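Being a predicted model, the structure only gives us computed values, none of them experimental. A note on names: the letters A, B, ... follow the listed sequences, proteins ahead of strands, and every chain is numbered from 1.
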2 protein chains.
Amino acid sequence: MPPRKTSENAGSSGRGTLGRPATISDVARLAGVSVGTASKALNGRGSLREETRRRVRSAADELGFQPNTAALTLNSGRTYTVGMITTDTIGRFSIPLMTGAEDSLGAGRMSVFLCDARDDPIREQYYLRTLLSRRVDGIIVTGRRTQARAPIGVDLPVPVVYAFISSTDPNDCSVVPDEAGGARKAVDHLLALGRRRIAHVTGPEHHHSAAVRASAAVERLAESGLDLVGAPLFGEWSEAWGRQATGILLGAGEEFDAVFCGSDQIARGVADALRAAGRRVPDDVALVGFDNWDVMALACQPPLTSIDMELEGLGRTAADLLLAAINGEPAPGRHVSPCRLVLRESTAVSVLPGSTRVEQV
Amino acid sequence: MPPRKTSENAGSSGRGTLGRPATISDVARLAGVSVGTASKALNGRGSLREETRRRVRSAADELGFQPNTAALTLNSGRTYTVGMITTDTIGRFSIPLMTGAEDSLGAGRMSVFLCDARDDPIREQYYLRTLLSRRVDGIIVTGRRTQARAPIGVDLPVPVVYAFISSTDPNDCSVVPDEAGGARKAVDHLLALGRRRIAHVTGPEHHHSAAVRASAAVERLAESGLDLVGAPLFGEWSEAWGRQATGILLGAGEEFDAVFCGSDQIARGVADALRAAGRRVPDDVALVGFDNWDVMALACQPPLTSIDMELEGLGRTAADLLLAAINGEPAPGRHVSPCRLVLRESTAVSVLPGSTRVEQV
DNA sequence: GAAAATTAGGAAACCGGTTGCCTTGAGAAC
DNA sequence: GTTCTCAAGGCAACCGGTTTCCTAATTTTC
């Protein structure tokens, strides 16, 4: 019985290295078995002689056979792919989140579709449709702000996990940093150092993170019967604002021995302005930042004690929750994950320059 | 003639919104036509009555039908997907590259697989196999350093474009910034300001970018019959090194009226140290950085003139070249794309504070 | 030596689309 | 009334795998 198509397989040369990738038919033909048998041999199914399996395997090796994922998807229904949508531009916060998520997913042999929606709802919906059309197994939604946002879609056919940002629908699964807890840790630390006159400089009042961190700080002080020095100074997330706010603090005449800042950039501005004004950090004024952004915290003079939101861990957690949901074990609700205090010279008088210590909390 | 499978479609409710996504069979059934006809109706093929097309389209809308990409892939051979491998961890340089690439690719209705190889050759090869198994239409390789690297694979069945980094194989397609040209622009600018005693502080001597930028600067000065003040100061890519190098320069006793720095971080360190030493920027010493990293350049006192490598444009170019190669028009070789000088106060005496001007070059 | 049990591997359906070819039916031409 | 034309749409092959079912050959059993 001659093979039906004699046209293409006249020469057996070069199929594996050149031209189109090898298919399982190529493997089967080379091994002298049927396609079904080849499939069984490669997947350890069916009942085959060991010698046959070996022959098929070596044929596959020779041709560099890699199963076509589209075909696998078509009859398993699974794509082993998840979509990751950053609702706003990929930036400093998204990177560790993505890295962490990619880490967990890669270990689970999942691939990641990257979508950058750039704060544009239309792009967001476009990407959502694209991902659904590609039948991703799940979706991770991230963003630059922790503030809750409207769900990206309702009744979606795949599980969705929100990372860093959260969904306004309490039944959605969100993973967020415990910013309030982080702020409390910062104040705790300053209090433990014996500082009692603590000021707070942070970002815009309408910014969720600024508001949460500020009120947590105030609350923690109140628990110790203390007040903030002045009101929280709301401004921008910039060094320039840090410098400016320091001027305001110094000009107000009220003494202060510590400043808790809403971001490392602000803290750095404060540090520069304090130094320019002749105040020593940490001797006269202890300083704590937020974000633990290495570029800022380490370049600051002196290096900055800061709160780390552990974004990479957050990304991993989000991915793990998504994998669980894909496997039929969803964990709806807000999952809050703790922040970590990172000690550096800006609060520790006796630490050697350049060293970094992490407090166990 | 009753339908063969009566089991599943007893109730017509909810198919579109719940359960598994609608297939073209669902659409065909609802519209009362065959699957083939439904396909033709939705794609504008074949010869059908307009009324039939409308009926099918509205059935598709009602069910929220999105064609299964795996099925499309299977018979077109194309996945409309490209892989993006960052050879080292996703970072500050990768982001604009990715954003730019994603921009061009998204416009071409391609999706992007993100792979973070973290400087690990094993991860790199793992991801490469994964991408090939998924039959991506092409691959973009990026990295943190511009230095040429060994090709990620040989005789790959899909086109590859290297962005920012380049391949040691001159037949591969690479897109790289013209760092030497950027350095020349920086020196040009300082010379145009009348500065003649220019120093250079930069990163590690063994780092490709540091070496290229330094020798281009020296060369440009030589063309004007000038020498650098002292030798290039090679160190680290950090603010601390910028401060330290400034100390060296000041201590050497040789006068200088400008410093060209290998990075914005270094430049910022230099600016801080100069100010601490009582030298005014730009009046006494003009300062040019490299990278145009907004966080550094804008927070610097005064804001920093810098060289922008236009990474987002680079990413777009890489994506465009990849798309061209996918469509059968490869453009092998190194493609060098120009840098841009961004003017700020650190070199421009009469510029209003806070404003940014871009020189046309 | 014949019937039963076991094993190895092939044939074909299926996943969800696309497309070439063929059939059907209606209107036009004679 | 019969043949020809052409539009409309159905049928089935195909893409590349997996899996179920079945057949053929071998071995076991009595």
Side-chain angles (χ1 to χ4, degrees), chain A residues 1 3-5 7-8 15 19-57 59-60 63-80 132-135 157, chain B residues 1 3-5 8 15 20-57 59-60 63-80 132-135 157:
Chain A
M1 197 189 294
R4 285 174 204 145
K5 328 179 201 168
S7 56
E8 296 225 354
R15 176 62 45 79
R20 72 189 202 307
T23 70
I24 200 165
S25 311
D26 299 328
V27 174
R29 198 178 310 131
L30 181 59
V33 297
S34 74
V35 171
T37 303
S39 171
K40 288 170 199 160
L42 294 174
N43 296 304
R45 300 275 159 72
S47 71
L48 305 177
R49 265 181 303 158
E50 187 49 38
E51 193 267 330
T52 308
R53 287 191 200 281
R54 253 187 294 112
R55 219 169 59 242
V56 173
R57 266 198 295 269
L63 297 175
F65 170 71
Q66 291 276 97
N68 183 326
T69 309
L72 297 180
T73 292
L74 207 49
N75 46 28
S76 73
R78 286 200 54 178
T79 53
Y80 292 94
L132 293 179
S133 161
R134 289 181 180 271
R135 303 289 192 272
Chain B
M1 197 189 293
R4 286 179 203 142
K5 329 180 200 166
E8 296 227 353
R15 174 65 43 76
R20 74 190 204 303
T23 70
I24 198 165
S25 312
D26 299 329
V27 174
R29 197 178 311 131
L30 182 58
V33 297
S34 74
V35 171
T37 302
S39 172
K40 287 168 195 160
L42 294 174
N43 296 303
R45 301 274 160 72
S47 72
L48 305 178
R49 263 181 306 160
E50 187 49 37
E51 194 267 329
T52 308
R53 289 193 197 280
R54 251 187 297 114
R55 219 168 59 240
V56 172
R57 267 199 294 270
L63 298 174
F65 170 71
Q66 291 278 98
N68 184 325
T69 308
L72 296 180
T73 293
L74 207 49
N75 46 27
S76 73
R78 288 198 53 177
T79 53
Y80 293 93
L132 293 179
S133 160
R134 287 180 180 271
R135 302 288 191 272

Partners meeting salt bridge (Lys or Arg N to Asp or Glu O under 4.0 Å) with [X] (sequence neighbours left out):
| X | value |
| --- | --- |
| A/Arg54 | none |
| B/Arg55 | B/Glu51 |
| A/Arg57 | A/Glu50 |
| B/Arg49 | none |

>> With salt bridge (Lys or Arg N to Asp or Glu O under 4.0 Å) as the rule and sequence neighbours excluded, what pairs involving residues 31-48 of chain B come up?
In response: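 Qualifying pairs, neighbours excluded: none.
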
>> Strictly by salt bridge (Lys or Arg N to Asp or Glu O under 4.0 Å), give each pair with a member in residues 63-74 of chain A just once, sequence neighbours left out.
In response: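 Applying salt bridge (Lys or Arg N to Asp or Glu O under 4.0 Å) to every pair that reaches into residues 63-74 of chain A, excluding sequence neighbours, yields nothing.
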
Under 3.5 Å donor-acceptor pairs involving side-chain atoms of residues 68-79 of chain B, not counting sequence neighbours:
from: B/Asn68; atom 1: OD1; to: B/Ala70; atom 2: N; distance (Å): 2.8
from: B/Thr69; atom 1: OG1; to: A/Ser133; atom 2: O; distance (Å): 2.8
from: B/Thr69; atom 1: OG1; to: A/Ser133; atom 2: OG; distance (Å): 3.1
from: B/Thr73; atom 1: OG1; to: B/Thr69; atom 2: O; distance (Å): 3.0
from: B/Thr73; atom 1: OG1; to: B/Arg78; atom 2: O; distance (Å): 3.3
from: B/Ser76; atom 1: OG; to: B/Leu72; atom 2: O; distance (Å): 3.0
from: B/Ser76; atom 1: OG; to: B/Arg78; atom 2: N; distance (Å): 3.0
from: B/Ser76; atom 1: OG; to: B/Arg78; atom 2: O; distance (Å): 3.2
from: B/Thr79; atom 1: OG1; to: B/Thr81; atom 2: N; distance (Å): 3.4
from: B/Thr79; atom 1: OG1; to: B/Arg135; atom 2: O; distance (Å): 2.9
from: B/Thr79; atom 1: OG1; to: B/Asp137; atom 2: OD1; distance (Å): 3.3

> What's the shortest heavy-atom distance between B/Leu42 and B/Ala60, and which atoms?
Replying inline: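 B/Leu42 and B/Ala60 have their closest heavy atoms at CD2-CB, 4.0 Å.
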
>> For D/dT19 and A/Arg45 - does any side-chain N or O of the residue sit under 4.0 Å from the phosphate oxygens OP1/OP2?
In response: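 The answer is yes; a side-chain N or O of A/Arg45 sits under 4.0 Å from OP1 or OP2.
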
>> List the residues meeting side-chain hydrogen bond (donor to acceptor under 3.5 Å, both in side chains) with B/Thr37, not counting sequence neighbours, and say none if there are none.
In response: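 With sequence neighbours excluded, B/Thr37 shows a side-chain hydrogen bond (donor to acceptor under 3.5 Å, both in side chains) to B/Ser34, given in chain and number order.
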
> Which part of the nucleic acid, if any, lies within reach of B/Thr23 when heavy atoms closer than 4.0 Å are counted: base, sugar-phosphate only, or nothing?
Replying inline: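 Sugar-phosphate: the residue B/Thr23, judged by heavy atoms under 4.0 Å, touches backbone atoms but no base.
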
Can you tabulate the close N/O pairs, meaning under 3.5 Å, that link protein atoms to atoms of nucleotides 22-26 of chain D?
none

Polar atoms only, N or O, under 3.5 Å: list the protein pairs with nucleotides 6-10 of chain D and their distances.
from: D/dA8; atom 1: N7; to: B/Ser47; atom 2: OG; distance (Å): 3.4
from: D/dG9; atom 1: OP1; to: B/Arg49; atom 2: NE; distance (Å): 3.3
from: D/dG9; atom 1: OP1; to: B/Arg49; atom 2: NH2; distance (Å): 2.7
from: D/dG9; atom 1: OP1; to: B/Thr52; atom 2: OG1; distance (Å): 2.7
from: D/dG9; atom 1: OP2; to: B/Arg49; atom 2: N; distance (Å): 2.9
from: D/dG9; atom 1: OP2; to: B/Thr52; atom 2: OG1; distance (Å): 3.1
from: D/dG10; atom 1: OP2; to: B/Ser34; atom 2: N; distance (Å): 2.9
from: D/dG10; atom 1: OP2; to: B/Ser34; atom 2: OG; distance (Å): 2.9
from: D/dG10; atom 1: OP2; to: B/Thr37; atom 2: OG1; distance (Å): 2.4
from: D/dG10; atom 1: O6; to: B/Lys40; atom 2: NZ; distance (Å): 2.5

> If we fit an axis to the first five pairs and another to the last five of the helix from C/dG1-D/dC30 to C/dC30-D/dG1, what angle do they make, to the nearest 10°?
Replying inline: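 Roughly 70° between the end axes, to the nearest 10°.
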
>> Using a 4.0 Å cut-off on heavy atoms, which residues in residues 65-79 of chain A reach DNA chain C? List them by number, or say none.
In response: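 Those residues whose heavy atoms fall under 4.0 Å from DNA chain C, taken from residues 65-79 of chain A in numerical order, are A/Leu74, A/Asn75.
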
